[in-house]
Amino acid sequence: MKVLGIETSCDETGIAVYDSDKGLLGDALYSQVKLHQKYGGVVPELASRDHIRRTLPLIREVLEKSGCTLADMDGLAYTAGPGLAGALLVGASVGRSLGMTLGIPTIGVHHMEGHLLAPLLEENGPQFPFVALLVSGGHTQLVEVPEIGTYKLIGESVDDAAGEAFDKVAKMLGQPYPGGPHVAKLAEQGTPNRFDFPRPMTNRPGLDFSFSGLKTFTLNTVNDHTQDGSLDEQTRADIAWAFQEAVVDTMVIKCRRAFQHSGMKRLVIAGGVSANTRLREKLGEMARAEGGELFYPGFAYCTDNGAMIAYAGCMRLMAGQSDDLAIQAKPRWNLESLPAIG
């Protein structure tokens, strides 16, 4: 089955063609980073308009790259949520309209299911069951995954998502948007252990996260060491190192607890923050110490992309699921509410 995937949930337009027999045939991604950078964050209306400009040209590009035409498609998948309402509607409208025109089934994909399944695009992807840590600009969640399509949320952030905290700390440190990669790069020059930042919510039982207090602690540290309106470069790097270590250690502690809570020995990390090499390093060490394994997507498929949507959509379409005629966007959508694939 060949499926065209469309991702337009936020500030990246992603298109891909996935073949159930041959795997990923082609994909392309357009990032709006430069468009939003001067505002320090995503402007929803600008994001929607840019998706309108980019989606159809990218579809043509990917079809050519894949050696396919629209007539070769057996199904079509698009991101239906969660995300920005206007941005989601672009992909949903294009996807549903193309499906209707071509007479093929379409499916609205849950954005986080796409991320969760992205490691399965890799040659040595995980087998079920596993525990998944979904970490991005909008989500930090721990999910038990006994089988494809069945998800149980066992922990989540009660305030800021990890990626959001990275972006806000980057701004404090004078780094451009999006902040995560810049904080990580700055941390490489940091002096280990000059600052001791808290590991929030690790001194109590449970699997939930909180990064708001850590963000405030970072801001206070920045203010305490700012002289004449500026922060010296080494102190900037040292704060970045301390902040990153605190976030990573917190997630490692919670993932170890998730292993013990679930009895599972496979850990998947996905979402934009899963590209953080320090997080991969320390979670890999923890997983091995617990007799388990760590899996993650390639760097190209950590951030939002069409490949994960095409794959997730293909799995559901092959199980006989499809949309009705309504064009739907779901800015808020509970992962646990998804129907089982069976």
Side-chain angles (χ1 to χ4, degrees), residues 1-18 20 27 30 42 44-60 62-63 69-118 134 136 138-139 141 148-151 153 304-342:
M1 184 178 207
K2 290 186 179 69
V3 175
L4 177 69
I6 302 173
E7 156 61 24
T8 63
S9 66
C10 189
D11 61 341
E12 287 167 318
T13 311
I15 307 294
V17 172
Y18 181 82
S20 57
D27 67 304
Y30 180 84
V42 178
E45 180 64 22
L46 295 180
S48 303
R49 293 181 183 185
D50 204 57
H51 285 308
I52 293 171
R53 286 190 289 267
R54 308 292 177 181
T55 301
L56 291 178
L58 276 180
I59 288 175
R60 287 193 286 267
V62 170
L63 287 172
T69 67
L70 282 174
D72 296 322
M73 297 300 106
D74 302 302
L76 201 146
Y78 58 88
T79 304
L84 301 175
L88 291 168
L89 279 169
V90 176
S93 299
V94 172
R96 193 66 196 87
S97 299
L98 280 176
M100 190 182 305
T101 302
L102 297 168
I104 58 176
T106 66
I107 188 81
V109 173
H110 193 293
H111 182 74
M112 298 314 292
E113 180 178 45
H115 276 304
L116 189 151
L117 298 179
L134 303 178
S136 66
H139 297 82
Q141 298 177 328
I148 189 168
T150 303
Y151 311 115
L153 184 66
D304 297 349
N305 63 87
M308 67 183 192
I309 301 304
Y311 177 82
C314 184
M315 296 301 103
R316 291 194 171 275
L317 288 168
M318 288 178 66
Q321 297 179 14
S322 63
D323 290 338
D324 57 24
L325 293 176
I327 295 175
Q328 296 188 36
K330 304 176 183 179
R332 296 183 181 275
W333 191 3
N334 185 348
L335 184 65
E336 292 178 299
S337 70
L338 295 179
I341 288 180

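FYI, the numbering just counts along the sequence from 1. Excluded from the calculations below are hydrogen atoms, water molecules and symmetry mates; all remaining heavy atoms, backbone and side chain alike, are included.
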[X] [atom1] to [Y] [atom2] distance, which is reported to the nearest 0.5 Å:
X	Y	atom1	atom2	answer
Thr106	Leu76	OG1	CG	7.0 Å
Met100	Ile327	CE	CD1	6.5 Å
Leu117	Cys314	CG	SG	11.5 Å
Thr101	Leu70	OG1	CG	9.5 Å
Asp11	Leu84	CG	CG	8.0 Å
Leu98	Thr55	CG	OG1	10.0 Å

Side-chain contact, heavy-atom cut-off 4.5 Å: [X] with [Y]?
X	Y	answer
Met318	Ile341	no
His139	Pro82	yes
Leu88	Trp333	no
Ile6	Ile15	yes
His115	Asp304	yes
Val94	Thr8	no
Tyr151	Leu338	yes
Leu317	Asp74	no

Might you point out which heavy atoms bring [X] and [Y] nearest each other, and give the distance in Å?
X	Y	result
Ser48	Ala87	OG-N, 3.2 Å
Asp50	Arg53	OD1-NH2, 2.9 Å
Gly313	Ala77	CA-CB, 3.7 Å
Ala16	Asp27	CB-CB, 3.6 Å
Pro105	Ser322	CB-CB, 3.9 Å
Val3	Met73	C-SD, 4.1 Å

Look only at the side chain of [X] and the backbone of [Y], and say whether a donor-acceptor pair between them is shorter than 3.5 Å.
X	Y	value
Arg316	Pro339	yes
Asp323	Gly108	yes
Gln141	Leu153	no
Arg332	Gly81	no
Gln321	Ala340	yes
Asp72	Thr69	yes
Asn305	Met308	yes
Ser9	Gly83	no

Judged by modelled atom types alone, do His110 and Asn334 share a side-chain donor-acceptor pair under 3.5 Å?
-> no
Can a donor-acceptor pair be found between the side chains of Thr13 and His51 at a distance below 3.5 Å?
->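 A pair is found: one side chain offers a donor N or O, the other an acceptor, under 3.5 Å apart.
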Kindly indicate, with the supporting measurements, whether the criterion side-chain contact (heavy atoms from CB on, under 4.5 Å) is fulfilled by Arg96 and Leu325.
-> CA-CA 8 Å; Arg96 193 66 196 87; Leu325 293 176; 3.4 Å; yes
Test side-chain contact (heavy atoms from CB on, under 4.5 Å) applied to Glu7 and His111, step by step = CA-CA 8 Å; Glu7 156 61 24; His111 182 74; 3.3 Å; yes
